[in-house]
Amino acid sequence: MGMTERATPLYGAIEAGGTKFECAIARGADEIVARTRIATTDPRATFDAVLQFFAGHEAQGPIESFGIASFGPLDLDPRSPAFGRLLATPKPGWRDVDMVGALRSRFTQPIAIDTDVNAAALAESLQGANRTLQSLVYVTVGTGIGGGAINGGELRQGLWHPEMGHIGVRRHAQDQSFAGVCPFHGDCLEGLANGPAILARWGRPMSELLTNELACDIIGGYLAQLAANLVLLIAPERIVFGGGVMSGGALLPTVRRSLTAQLAGYIVHPRLEGDLAQFIVEPVLGERAGLTGAIVLAMRAGSHGGRRDIHAG
């Protein structure tokens, strides 16, 4: 190796979910050299296993920086004394957990943190469904519902990260009596259309209800209301729907048809013509989006990434 050459740096990535933590050491978004899956139990036991994983691979070389793509909600204001902490999460035992501090207890490298869905949006923008476009919204529909918005390669942020799953929606005519499952809002979008809400109504997951026309109309219609609001509010060039409720894209045709009906011809644009198959799409990266996004966050936080992420700690 020449005097001016430098080894490709290693990055640490964590996709922190309510059921599992995916951890990886990577040389880039497409080159993972080690990874593991850790069950999400109590915070101390979970992070003990996370720290052991990264410490156990130090022989491969120093990790330059870390990226955390976490379930939320999170405090992402670097000026806040609660920066990097979980806020009012419904995950038992995890409220107020310091996600950055847990990693900082062992490592001194730069740490970037963002929501899992924001990280997935970033990954799809740079590595997947949006490479040729300037704007994208990534929505995940599973145990929870969340969304992240990208414009010009950057995440849209304000006072806090978007909480798209908690918007209010108009009730379907044949879904008036279901109270909803959101512990905060009852019948917000998440309370009506997430995985637990579907199980509460029909006793089966969405993947087993795809021949139930009413169930598809109800859930697809609610998700289309989110899509319509996104079209009207921020006009993205593409909306990506991922997560287990989407059943590998099987629910997308219903969402597309309902979106067309809800927009009612008000927005006239070539991208909103026809069957919307290029406007409402499934993720290119699939289940890899969150972890890939965590790697991208780590790369942006490190000196080799060319810039420090706004949420780097």
Glu213, CD: over 12 other non-hydrogen atoms inside 6.0 angstrom: no
Ring centroid separation Phe66 to Phe107 under 6.0 Å: yes
Whether Glu15 side chain and Ala294 backbone form a donor-acceptor pair below 3.5 Å: no
Basic-acidic side-chain contact under 4.0 Å: Glu58, Arg106: yes
Phe184, CZ atom: more than 12 neighbouring heavy atoms under 6.0 Å: yes
Neighbour count above 12 (heavy atom, 6.0 Å) for Glu287 CD: no
In one Ile/Leu/Val/Met/Phe/Trp/Tyr side-chain cluster, 4.5 Å: Leu199, Phe178: no
Parallel, tilted or perpendicular: rings of Trp94 and Phe21 (30°, 60°): tilted
Electrostatic pair Arg44:Asp42 at N-O distance under 4.0 angstrom: no
Stepwise ring-ring contact (aromatic ring centres under 6.0 Å, His included) test for Tyr138 and Phe241: CA-CA 6 Å; Tyr138 182 98; Phe241 276 93; 9.1 Å; no
Side chains of His172 and Asp217 in contact at under 4.5 Å (non-hydrogen atoms): yes
Cluster overlap Val231 with Leu233, hydrophobic side-chain contacts below 4.5 Å: yes
Arg27 (side chain) donor-acceptor with Thr8 (main chain) under 3.5 angstrom: yes
